[in-house]
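Presented below is the structure to which this report refers.
Bear in mind that the values here come from a model prediction, so they are computed numbers and not experimental data. Here is the naming used below: chain letters follow the sequence lines, and residue numbers restart at 1 for every chain.
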Amino acid sequence: MPFTVATWNINSVRLRMPIVERFLQTYQPDVLCLQEIKVPDELFPTEAFHAIGYEHVTFHGQKGYHGVATVAKHRIDIEEKRNFCDMGDTRHMSTRIEIAGKSILLHNFYVPAGGDEPDPVKNPKFRHKLDFIEEMRCFKALSGDNTASILVGDLNIAPGENDVWSHKQMLKIVSHTPVETEGLEAMRRAGEWEDLMRHHVPADEKLFTWWSYRAADWAASNRGRRLDHVWGSANLAPLLTDIEVVRDARGWDRPSDHVPVIARFNLDA
DNA sequence: ATGGTGGCTACGCCA
C-alpha cells in the first residue's frame, strides 16, 4: 500500500490557503504536516481542508506566531502536544495513524529559528534553540514490527555541507553553525532516527528546501538551505520509495519561503 | 560591511 507524507512551513496558513489547495489537489499526499500556521485554534480554516478531501484536521496553534497542523485523508488521533522548554510556544504535535497493519507515530516540529547572533550567552533565542534540540532527545524512533515513527518539520538547521549553498560562508550563520549541526546530528543518532531525505539524495548533492525572501532573484542566486526534514525509524527506511522537494512551489503566487517535501513509502514492501 | 523581504498586527517583533 502506498503512503505519502508531506511537510511544509507555510508561513501563515490562512494567507496561503490558495497554494495549500493547489499543492494538495496536485500531489494528493495522505498526510500533510504544516508549520508556522500563525493562527489560533478557533480560527483554523478546517472547512477549507474538508472541502478538498482532507477530512481529518488537527492543529496546535496560537495567535501570530508558530503553530503546527497535521491534516489527513485517513483518521489520525492526536497523541501529544509537548510544551518544549516550558515556553508555551506551539511548536510540536504528534499524531498516530493506523494504516496497512501498522501504527505510525508522526511528529510535526517547528524548531526555533534562534535569532541572528550564534552565541547562547549574548542571545537568549539561540540558547533556546540549543535547549530545544536537546529536549528533542525525549523522542526516540524505536519501533517494533507493527509500529513505526516519522519525524518531520522545519528544524531550522541545515546539518550537512551540501544542505547549504556555501558551507564555508555559512559556518557562522545561525542554522549552519557547528554547535547546531553537531547538536542536531547527535540528537538524531541518539534517537536512532534515519535522515530519509539523504537516503534518497546522496550527501554530496546540494539539496535545499528554503530560499530567503530577501534575494532579488531566489532562483538565479540559488542561495538555499535544507531546513526542512523527514526522519524515520529504521524499519521505514527500506520502505521509502521516493523523496520529492517541490522546488516549483517557491515560485507560486504569494509563496512561502519554504517548499513542500514529500516522502513516499510502500508499506507492503 | 550592509541591507535586502515578508507576515503578523497595529509598531515593533519575528523570521
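- The residues A:Glu134 and A:Arg137 are annotated as salt-bridged, a charged nitrogen and a carboxylate oxygen being separated by less than 4.0 angstrom.
- Among the heavy atoms of the strands lying under 4.0 Å from A:Arg16 are primed sugar atoms or P, OP1, OP2 only; no base atom is included.
- Look at the C1' atom in both B:dG3 and B:dA15: the space between them is 15 Å, to the nearest Å.
- An OP1 or OP2 oxygen of B:dG7 is reached within less than 4.0 angstrom by no side-chain nitrogen or oxygen of A:Ser12.
- The CZ-P distance, from A:Arg250 to B:dG6, rounds to 9 Å in whole Å.
- Annotation: B:dA10 and B:dC14 have their P atoms spaced 14 Å apart (nearest Å).
- For the residue pair A:Asn162/A:Lys206, the side-chain donor-acceptor check at 3.5 Å is satisfied.
- Regarding A:Ile37, its CD1 atom lies at a distance of 16 Å from the P atom of B:dA15, rounded to whole Å.
- Comparing A:Ala215 and A:Gly114 by the nucleotide of DNA chain B that holds the closest heavy atom to each, the one mapping nearer the 5' end is A:Ala215.
- Summarising the geometry, the separation between CG on A:Leu155 and P on B:dA15 is reported as 15 Å, rounded to the nearest angstrom.
- Whole-Å rounding puts the A:Asn9 CG to B:dC8 P distance at 12 Å.
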What are the atom names and distances for every N/O pair under 3.5 Å that joins the protein to nucleotides 12-14 of chain B?
none

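- Of the charged side-chain nitrogens involved, at least one lies within less than 4.0 Å of a carboxylate oxygen, so that A:Arg264 and A:Glu244 count as a salt-bridged pair.
- In this structure, A:Arg254 reaches the sugar-phosphate backbone alone: every heavy-atom distance under 4.0 Å involves primed, P, OP1 or OP2 atoms, never a base.
- Counting to the nearest Å, the P atom of B:dA15 and the CD1 atom of A:Ile157 are 14 Å from each other.
- Salt bridge annotation for A:Arg250-A:Asp248: absent, with no cationic side-chain nitrogen under 4.0 angstrom from a carboxylate oxygen.
- Rounded to whole Å, atom C1' of B:dT5 lies 11 Å from atom CH2 of A:Trp210.
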For side chain to side chain donor-acceptor pair (under 3.5 Å), just list the numbers for A:Ser175 and A:Arg225, CA-CA rounded to whole Å, side-chain angles, deciding distance to a tenth of an Å, and then say yes or no. CA-CA 9 Å; A:Ser175 74; A:Arg225 306 178 197 173; 3.2 Å; yes
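- Rounded to whole Å, atom C1' of B:dG4 lies 13 Å from atom CG of A:Asp116.
- Residue pairs meeting the side-chain hydrogen bond (donor to acceptor under 3.5 Å, both in side chains) criterion with at least one member in residues 177-188 of chain A, sequence neighbours excluded, are A:Lys129-A:Glu180, A:Thr177-A:Glu180, A:Glu185-A:Arg188.
- The existence of a salt bridge linking A:Arg226 and A:Asp195 is confirmed by a sub-4.0 Å separation between a basic side-chain nitrogen and an acidic carboxylate oxygen.
- Going from atom NZ of A:Lys63 over to atom P of B:dA10 covers 6 Å, rounded to whole Å.
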